[in-house]
Amino acid sequence: MRRCLQLARLGADSAAPNPMVGAVLVHEGRVLAEGWHKSPGTAHAERACLGSCGSSEVPPDAVMYVNLEPCAHHGRTPPCADLLIARGVKRVVIAHLDPFAEVNGKGVARLIAAGTGVLDGILAEEARWLNRRFITSMVKGRPYIILKWAQSPDGFIDQHPRAERAVQRISSAETDVLVHRWRAEEQAILVGSRTVVNDDPRLDARHVQGRSPLRVVIDRSNRIPEGSRVFDGLHPTLLLTGQERRGVNAEQAIISASEDPLQRVLSELHQRAVRSVLVEGGAELHARFIASGLWDEARVITGSRTIGNGNRAPRLTGQAMRSLDHGPDRIGLFINESQQALPSETWHW
Ligand code: AOF
Ligand code: ZN
């Protein structure tokens, strides 16, 4: 199962909106075949695994390990439970059930009805952590929310006065690469208008290989300049505005004066099957998410250079669950209490 999770993780920046799934076929203590789910529309992990052993017969005492319940529905691909039965897999070990309502329990029921032995609950905590975005989306009907900011050791996120419209560096260059990996692993990235006005960020994942997230900007009163990089058309942008804006390269969602912008962002993203959003600021937007309890995870980068004055960094109560050194920076991981427990073993970047 540990190997399944490793394989599953290969889909970290491509499997969404589907979950990350790995499968391993084992016979007499030896691995016969492996597979993982790369992206929606491609083979599910079980199919990829069985596909890699060609048409040869599956020994009757072989065991299929897979970190998610095999599916029972006809989605973009036919049901994996049927495939396992047809290929003669007699024993299946899973980490947990699929929270997707069309599958939930039905895959296991179908296997059992066909006489297949099923063992559930192996490395369930680790597997749920790996697929926390997908699970949150299925269970809560909103994307998994990750807050991220960089602060100076003296607690500022932004120095004043500002000399120019550009991102101010607090974290090191090597941490910036890591942040781009984070961006590639989430389907959307959200900022407030002031961040765009001040920093003119690109909000892409250019320092790493992998896809760039959907850029989402809340700008109720159309304050951000037309020439901002979020309108460069290089990646899709969703603009939440109070009034439609002409001549900008972005999809627009019109938000009324009485509407809560956070709820609207989350529902717009959920409608688009976006399972996770990385909130990159600024302080005001972070504060709103924190005040409403609407966050699952926070990643706080503390740089090495003091700033002295400026915008204060948001505050989270409680201690970081994990922290680690990254070059000259320190990164803290916070988990909202309402979220599931973090497995003791690892925090996978
Ligand atoms: C599995 N194995 O490797 C994955 C599963 O429309 P589809 O065909 O892409 O199906 C997507 C759904 O299938 C997804 O929402 C989740 O419930 C399940 N994913 N199931 O048996 C896999 N990726
Ligand atoms: Zn499947």
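Counting starts at 1 for both ligands and their atoms, following the listed order.
- Contacts of Phe134 with ligand 1, taken as heavy-atom pairs under 4.0 Å, involve the side chain alone.
- Here is the list of ligand 1 atoms found below 4.0 Å of a heavy atom in Cys80: 21 (O).
- When each atom of ligand 1 is checked for a heavy atom of Gly75 under 4.0 Å away, the hits are 6 (O), 8 (O).
- Using a 4.0 Å cut-off between charged nitrogen and carboxylate oxygen, Arg202 and Asp232 do not count as a salt-bridge pair.
- Looking only at protein heavy atoms, the nearest one to atom 3 (O) of ligand 1 is Ala45 N, 2.7 Å.
- Below 30°, between 30° and 60°, or above 60°: for Trp149 and His286 the angle between ring planes is between 30° and 60°, a tilted geometry.
- A salt bridge is absent between Arg87 and Glu46; no separation between the charged side-chain nitrogens and carboxylate oxygens falls under 4.0 Å.
- Tested against Asn18, the residues Arg275, Arg76, His44 include a single side chain to side chain donor-acceptor pair (under 3.5 Å) partner, Arg76.
- Residue contact annotation: His73 has a non-hydrogen atom under 4.0 Å from ligand 1.
- Of the candidates Asn67, Val21, Asn131, Val21 brings a heavy atom nearest to atom 4 (C) of ligand 1.
- Regarding atom 23 (N) of ligand 1, its nearest protein heavy-atom neighbour is His37 CD2, 3.4 Å.
- With respect to atom 20 (N) of ligand 1, the closest heavy atom belonging to the protein is His44 ND1, 3.4 Å.
- When the options Arg272, Arg245, Arg215 are evaluated for a salt bridge (charged side-chain N to carboxylate O under 4.0 Å, His left out) with Glu251, the one that passes is Arg272.
- Salt-bridge check for Arg91 with Asp61: failed, with every basic side-chain N at 4.0 Å or more from each acidic carboxylate O.
- Rounded to the nearest 0.5 Å, atoms OG1 (Thr195) and CG (Asp200) are 11.5 Å apart.
- Side-chain atoms of Thr241 and Asn222 form a donor-acceptor pair, as typed in the model, at a separation below 3.5 Å.
- The cationic atom of Arg299 (NZ for Lys, CZ for Arg) does not lie both less than 6.0 Å from the six-membered ring centre of Phe334 and within 45° of the ring axis.
- When rounded to 10 degrees, the angle formed at the Zn ion (ligand 2) by ND1 (His44) and SG (Cys71) equals 110°.
- Numbered from 1 in the order shown, with element, the atoms of ligand 1 that lie under 4.0 Å from a heavy atom of Pro70 read 21 (O).
- Residues Asp329 and Ser172 have side chains that bring a donor and an acceptor to within less than 3.5 angstrom of each other.
- Atom 2 (N) of ligand 1 has Glu46 OE1, 2.8 Å as its closest protein atom, hydrogens excluded (heavy atom only).
- Considering only non-hydrogen protein atoms, atom 6 (O) of ligand 1 sits nearest to Arg76 N, 2.8 Å.
- Here the shortest heavy-atom distance to atom 9 (O) of ligand 1, taken over Thr42, Ile94, Asn104, Asn18, belongs to Asn18.
- When each atom of ligand 1 is checked for a heavy atom of Phe100 under 4.0 Å away, the hits are 15 (O), 17 (O).
- Under the 4.0 angstrom criterion for non-hydrogen atoms, Glu69 is in contact with ligand 1.
- Contact annotation: for Glu102 versus ligand 1, there are no heavy atoms closer than 4.0 Å.
- Annotation: atom 16 (C) of ligand 1 to nearest protein heavy atom, Asp98 OD2, 3.2 Å.
- At the shortest separation from atom 19 (N) of ligand 1 among protein heavy atoms lies Pro19 CG, 3.7 Å.
- With 3.5 Å as the limit, one finds a donor-acceptor pair spanning the side chains of Gln6 and Arg3.
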